[in-house]
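Everything on this sheet refers to the single structure shown next.
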Amino acid sequence: AVGARVDADETVRTLRGFPGALRSSMAKDVAAGRPPELDAIAGPILRGGAAHQIPVPVTAELVALVQQAR
């Protein structure tokens, strides 16, 4: 909505190249009982979606799942 360009195919290729055992820092935080950085990571997506009236249901669902895991 604000001009960012994303190459979906390149993003998927990059993600598929990661090792299967790779875990995000947020996953490590949750597993260790530390608070996840939800607002720093998902907050801009949620707020940007709201500001531009773009649904972001996957991000919202992931935030809900992380909050439940805490």
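None of the values given here were measured: they were computed from a predicted structure. One is the number of the first residue; the rest follow in order along the sequence. As a basis for the values below, the full set of heavy atoms in this structure was taken, side chains included, without hydrogen atoms, waters or symmetry mates.
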Study note, to complete from the structure: For A27, the side-chain contact (heavy atoms from CB on, under 4.5 Å) test, sequence neighbours excluded, returns R23, S24

Exercise for review: Can you see which heavy atom on V63 is nearest to which on A42, and at what distance?
Suggested key: CG2-CB, 3.4 Å

Exercise for review: Please list, chain by chain and in numerical order, all residues satisfying side chain to side chain donor-acceptor pair (under 3.5 Å) with R47, sequence neighbours excluded.
Suggested key: D39

Revision key, fill the gap. Taken in chain and number order and not counting sequence neighbours, the residues that satisfy side-chain contact (heavy atoms from CB on, under 4.5 Å) with E61 are L65

Just list the side-chain donor-acceptor pairs under 3.5 Å for residues 8-16, sequence neighbours left out, or say none.
residue : atom : partner : partner atom : Å
E10     : OE1  : R13     : NE           : 3.4
E10     : OE1  : R13     : NH2          : 2.9
T11     : OG1  : D7      : O            : 3.0
T14     : OG1  : E10     : O            : 3.0

Report, one line per pair, each donor and acceptor closer than 3.5 Å where one atom sits in a side chain of residues 31-38; sequence neighbours left out.
residue : atom : partner : partner atom : Å
R34     : NE   : D29     : OD1          : 3.1
R34     : NH2  : D29     : OD1          : 3.1

**Study point:** Contacts of A1 that satisfy side-chain contact (heavy atoms from CB on, under 4.5 Å) - sequence neighbours left out
**Key:** H52, I54

**Study point:** Path from L46 to I41 over hydrophobic side-chain contacts below 4.5 Å
**Key:** yes

